[in-house]
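One structure is given below, encoded as structure tokens.
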2 protein chains.
Amino acid sequence: MRDGSIKALFFDVFGTLVDWRGGVAREARSILEPLAISLDWLAFADAWRAEYQPAMEDVRAGRIPYAKLDVLHRQMLEKILPRFRLQNLPDGALAQLTFAWHRLDAWPDVHSGLARLRRRFLLAPVSNGNIALMADLARHNGIHWDAILGAAIARDFKPQPAVYLAAADAFNLEPAQCLMCAAHAADLKAAANCGLHVAYILRPFESPEANKVVPVLPLDLSVRDTMELAEQLGA
Amino acid sequence: MRDGSIKALFFDVFGTLVDWRGGVAREARSILEPLAISLDWLAFADAWRAEYQPAMEDVRAGRIPYAKLDVLHRQMLEKILPRFRLQNLPDGALAQLTFAWHRLDAWPDVHSGLARLRRRFLLAPVSNGNIALMADLARHNGIHWDAILGAAIARDFKPQPAVYLAAADAFNLEPAQCLMCAAHAADLKAAANCGLHVAYILRPFESPEANKVVPVLPLDLSVRDTMELAEQLGA
């Protein structure tokens with residue numbers, strides 16, 4: 001793999017590059033506290049995120065057509081509102097909350113790590129997030145992507161093979177010329193099954209569940225952050 | 001339009017941002033001269049480009065499924081080879097030639113003009129070129145796109161409405177929040193019909209045909225280059 005055959009690096013985004021839990025908690029607090037609402041903000045973020053896989057599963061199983069993650073985020077939010085006694089929130093606050101996901105901060109290594117990696121590789125997010133969401137996160141965190149790939153290109157969600165294969169194809173590459181980088185075992189397993197190389201990035205602060213499921217497949221790389229990834233790849 | 005309602009600028013690429021004619025002629029010469037081939041290089045570029053609209057028309061009319069422009073460029077090339085007595089070119093030279101389109105130079109204003117515009121607007125190519133082609137041209141010319149939109153997202157070619165509408169939708173925008181910038185009347189006409197604002201960029205050196213067909217629709221802006229566009233938009 002270190003023979004120059006890797007041309008592009010693909011990144012999972014939520015958890016791997018950006019801190020969704022801390023960011024959603026912070027944004028929810030800044031939107032809801034002025035409305036005299038007080039919550040366990042991290043529990044709110046966890047509850048919202050817990051609806052993530054079930055929401056996408058309806059699309060992956062073909063029960064509903066592809067919808068942007070922004071749309072699913074709104075539906076997921078509406079589902080958890082009663083649990084936090086928030087069912088009477090004004091619509092403006094709901095819209096603001098939904099877009100909390102566009103304002104998440106990257107982990108501290110990401111800006112420098114990706115800038116370094118970009119000197120040597122094509123870089124793209126291969127996330128389940130839609131294009132506007134990915135573009136806003138890139139702006140917010142000073143990331144320069146070569147293209148935004150992922151769910152929007154394949155009109156399906158990871159870990160469906162079509163998402164990884166469409167990403168490689170968009171760059172005119174074979175799967176074996178691409179390295180999928182993620183903090184989640186299931187994502188790497190699906191990418192490896194499609195023939196991509198895989199790098200595991202440890203993100204112990206993503207959530208209390210982080211890194212508990214360690215990938216069982218052969219990993220091409222296992223690194224602490226994107227700076228170590230750059231070192232390991234000689235970038 | 002200058003009231004802050006425009007959020008994204010979409011750019012046509014071939015002719016509007018990059019000099020396809022000079023670039024293809026230069027690349028063809030650098031690939032073919034070492035094979036002791038001499039041609040009218042500009043005539044070769046013009047002949048190749050002349051196959052562009054017919055090739056895409058088969059897709060737009062639904063006669064063949066969507067194919068990347070890289071694939072169409074190769075088919076278009078094979079079509080004109082006999083006319084230039086090039087039918088016996090080695091396969092390596094054909095592959096290199098096909099990718100000449102990935103190495104085109106931008107017009108001199110583009111690097112600075114787009115950097116300035118990006119401080120205020122989301123920027124994306126809305127081209128018929130595929131993602132790898134757009135990503136390589138951006139690298140080659142130091143352009144920082146927020147996303148690569150266009151034909152690959154819509155799986156159809158301009159001037160089909162789906163291409164402009166899919167671009168606006170990818171950024172979560174209404175068509176009226178987007179400004180399509182191009183040197184070609186037909187592109188602007190189709191974008192305006194979809195509800196986008198339109199800016200005409202004069203590119204008199206694109207080809208002998210350049211700017212002969214002046215847009216007859218109401219233009220929001222008409223500028224000499226991307227620097228003037230930045231000035232006009234207060235960026």
Per-residue contacts, residues 125-136 of chain B versus chain A, heavy atoms under 4.5 Å: B:Asn130, B:Ile131, B:Ala132, B:Ala135
Chain B heavy atoms under 4.5 Å from A:Arg155: which part of the residue, side chain, backbone, both or neither? neither
I'd like to verify something: which residue of B:Ile153, B:Leu173, B:Asp146 has the highest number of heavy-atom pairs under 4.5 Å with chain A? B:Asp146
Closest approach of A:Leu122 and B:Arg139, non-hydrogen atoms and distance? CA-NH2, 3.8 Å
More than 12 heavy atoms of other groups within 6.0 Å of B:Glu174 CD: no
What part of A:Ala170 lies closer than 4.5 angstrom to a heavy atom of chain B: side chain, backbone, both or neither? both
For A:Pro108, the side-chain contact (heavy atoms from CB on, under 4.5 Å) test, sequence neighbours excluded, returns none
Heavy-atom count check: over 12 atoms from other residues, nucleotides or ligands less than 6.0 Å from B:His111 NE2? no
Counting neighbours of CZ on B:Arg26 that are heavy atoms of other residues, nucleotides or ligands and sit closer than 6.0 Å, is the number greater than 12? yes
Could you walk me through whether B:Ile148 and A:Ile148 pass the side-chain contact (heavy atoms from CB on, under 4.5 Å) check? CA-CA 7 Å; B:Ile148 293 178; A:Ile148 293 178; over 6 Å; no
Are there residues of residues 68-77 of chain B whose heavy atoms fall under 4.5 Å of chain A's heavy atoms? If so, which? B:Lys68, B:Asp70
Which residues satisfy the side-chain contact (heavy atoms from CB on, under 4.5 Å) test with B:Asp58, sequence neighbours excluded? B:Arg63, B:Ile64
Using heavy-atom distances under 4.5 Å, tell me whether B:Ile143 contacts chain A through its side chain, its backbone, both, or neither. backbone
Other residues, nucleotides, ligands: >12 heavy atoms within 6.0 Å of A:Arg29 CZ: no
